[in-house]
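For reference, the structure is listed below as structure tokens.
Chain letters run A, B, ... following the sequence lines, proteins first, then strands; residues in each count from 1.
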Number of protein chains: 2
Amino acid sequence: MAVSDKAIGTSVTDKYDIGEAMCPYRLVLEHVTSRWGVLVLIELLERPYRFSELRRAIGRVSEKMLTQTLQTLERDGFVHRDAKPVIPPRVDYSLTDLGREAAEQVKALAIWTSERMADVDKSRRAYDEARALKARA
Amino acid sequence: MAVSDKAIGTSVTDKYDIGEAMCPYRLVLEHVTSRWGVLVLIELLERPYRFSELRRAIGRVSEKMLTQTLQTLERDGFVHRDAKPVIPPRVDYSLTDLGREAAEQVKALAIWTSERMADVDKSRRAYDEARALKARA
DNA sequence: CGGGATCCGTAAAGATACTG
DNA sequence: CAGTATCTTTACGGATCCCG
């Protein structure tokens with residue numbers, strides 16, 4: 001184990017019956033929408049990256065989490081890992097066709113979200129203010 | 001606190017500079033793509049739900065997590081909460097316009113993912129098999 | 001019925017040191 | 001350089017009890 005988490009075990013359920021039990025596709029969805037998964041996919045949408053290069057580009061990600069994220073995405077077939085047997089080691093990461101499709105959707109969601117931040121902030125302030133009033137009861 | 005997690009603190013960064021530091025929109029993205037957030041949004045895309053009704057529809061979600069998820073989504077302005085002051089209490093949840101936009105994107109991603117599960121499974125088997133070979137070294 | 005508050009176990013996240 | 005191994009810390013998520 002190590003890479004696969006507790007991902008195995010579930011398997012069937014044909015159609016996408018949103019909700020109800022833990023359907024396997026939900027795990028994949030969590031992989032691509034995970035904290036670092038999102039950033040990795042979006043970054044790789046630009047061009048291939050080497051490990052450390054990707055680490056710097058994302059910033060604030062530990063080696064462990066980046067490794068783990070990349071392995072998960074590679075296993076799911078979203079990321080291609082190209083390790084050259086040279087010294088010092090050189091490993092390039094890039095998106096597969098499948099990964100590119102995923103990355104584009106994720107990026108669209110990310111962009112939509114950042115565009116709507118003003119609305120969200122406004123809503124939050126209203127919410128917090130309403131709460132503050134109630135607190136003075 | 002209670003609802004906002006550690007959500008506050010960050011605030012600026014104008015453009016969506018993917019990566020680099022913890023930009024605030026990333027938190028929103030995590031809210032809508034969270035384990036229960038995804039399911040709540042997709043369920044509510046169909047019609048409004050009452051609390052317990054939603055709980056049954058999703059299945060396998062604790063009251064605590066559903067409450068927490070709904071509050072977060074309400075605060076962000078994705079979900080509208082309509083509490084009628086009757087006994088027994090009745091609370092209806094529905095999507096706001098903003099929430100509907102988010103839900104549609106999330107659902108699209110969910111559907112795409114479930115449609116690609118065959119590719120993902122195939123990739124996983126290949127990956128695991130390759131690993132199994134190396135393990136016998 | 002729809003939560004709020006609290007406690008608790010587990011499992012991820014993070015930092016660090018080590019290796020081919 | 002690109003990881004792996006190990007340890008510590010954090011927070012997620014569930015169970016329980018209570019209240020309007």
Side-chain angles (χ1 to χ4, degrees), chain A residues 1-7 9 22 26-27 30-31 33-40 48-75 79-94 131 134-135 137, chain B residues 1-9 21-22 26-27 30-31 33-40 48-75 79-94 131 134-135 137:
Chain A
M1 49 199 122
V3 172
S4 59
D5 302 339
K6 76 284 185 179
M22 185 49 125
R26 287 241 54 232
L27 286 169
E30 283 177 24
H31 292 169
T33 62
S34 70
R35 170 143 31 173
W36 305 120
V38 170
L39 299 181
V40 166
Y49 274 86
R50 295 183 59 179
F51 186 85
S52 298
E53 201 181 16
L54 190 54
R55 183 152 146 57
R56 279 190 302 274
I58 291 178
R60 281 187 176 64
V61 58
S62 65
E63 293 180 9
K64 179 190 168 186
M65 291 319 300
L66 184 56
T67 300
Q68 199 172 297
T69 301
L70 285 168
Q71 285 178 347
T72 301
L73 293 177
E74 187 196 357
R75 193 174 101 102
V79 163
H80 173 68
R81 180 175 182 274
D82 183 22
K84 271 109 176 174
V86 296
I87 294 176
R90 179 192 175 95
V91 182
D92 288 277
Y93 290 94
S94 56
R131 285 236 142 188
K134 285 199 153 183
Chain B
M1 52 201 118
V3 173
S4 59
D5 300 340
K6 75 281 184 185
I8 51 318
M22 183 51 121
R26 286 243 52 235
L27 286 170
E30 284 177 22
H31 292 169
T33 61
S34 70
R35 168 140 43 172
W36 305 120
V38 171
L39 299 182
V40 166
Y49 274 85
R50 295 184 59 182
F51 186 86
S52 298
E53 201 182 18
L54 190 54
R55 184 152 146 51
R56 279 191 301 274
I58 292 177
R60 280 189 176 62
V61 59
S62 67
E63 293 181 9
K64 179 189 171 185
M65 292 320 299
L66 184 56
T67 299
Q68 200 171 299
T69 302
L70 285 168
Q71 285 177 345
T72 301
L73 293 177
E74 187 196 356
R75 193 173 102 100
V79 162
H80 173 68
R81 180 176 183 274
D82 182 22
K84 271 109 178 175
V86 297
I87 293 176
R90 177 189 177 96
V91 183
D92 288 277
Y93 290 95
S94 56
R131 285 237 142 187
K134 284 199 150 183

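Look at CD1 on A/I87: it is 8 Å from C1' on C/dG20, rounded to the nearest Å. One can place CG of A/L66 at 17 Å from C1' of C/dT16, the figure rounded to the nearest angstrom. Rounding to whole angstrom units, CE of residue B/M65 and C1' of C/dG9 are separated by 15 Å. Taking atom CD on A/E30 and atom P on D/dG13, their separation rounds to 8 Å, with Å as the unit.
Here the CZ atom belonging to A/F51 is positioned 3.5 Å from the OG1 atom belonging to A/T67, to the nearest 0.5 angstrom. From B/R60, atom CZ reaches atom CZ of B/R35 across 12.0 Å, with rounding to the nearest 0.5 Å. Taken from OG in A/S52 to CZ in A/R90, the straight-line distance is 11.0 Å, to the nearest 0.5 Å. The distance from the CD1 atom of A/I58 to the CD atom of A/E53 is 11.5 Å, given to the nearest 0.5 Å. Atoms CZ and NE2, from B/R75 and B/H31 in turn, are 7.5 Å apart once rounded to the nearest 0.5 Å. Once rounded to the nearest 0.5 Å, the distance linking CZ of B/R56 with OH of B/Y49 reads 10.5 Å.
When the side-chain nitrogen and oxygen atoms of A/W36 are compared with OP1 and OP2 of C/dA12, none of them lie within a distance under 4.0 Å. Taking 4.0 angstrom as the limit, A/Q68 places a side-chain polar atom (N or O) nearer than this to OP1 or OP2 of C/dA13.
Between A/S62 and A/P88, the one whose closest nucleotide on DNA chain C sits nearer the 5' end is A/S62.
When the C1' atoms of four end pairs are superposed on the next four at each end of the helix from C/dC1-D/dG20 to C/dG20-D/dC1, using five pairs per end, the two resulting axes differ in direction by 50°, to 10°.
Checked against side chain to side chain donor-acceptor pair (under 3.5 Å), A/R81 has the following partners two or more places apart in sequence or in another chain: A/Y93.
In this structure, A/V61 and A/L66 approach most closely via the heavy-atom pair CG2-N, 3.8 Å.
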Restricting to nitrogen or oxygen on both sides, can you table the protein-nucleotides 2-7 of chain D pairs closer than 3.5 Å?
unit_1	atom_1	unit_2	atom_2	d
D/dA2	OP1	A/R50	NE	2.9
D/dA2	OP1	A/R50	NH2	3.1
D/dA2	OP2	A/S52	N	3.0
D/dA2	OP2	A/S52	OG	2.8
D/dG3	OP1	A/R81	NE	3.2
D/dG3	OP1	A/R81	NH2	2.4
D/dG3	OP2	A/Y93	OH	2.4
D/dG3	N7	A/E63	OE1	2.9
D/dG3	O6	A/E63	OE1	3.3
D/dT4	OP1	A/Q71	NE2	3.4
D/dT4	OP2	A/Q71	NE2	3.0

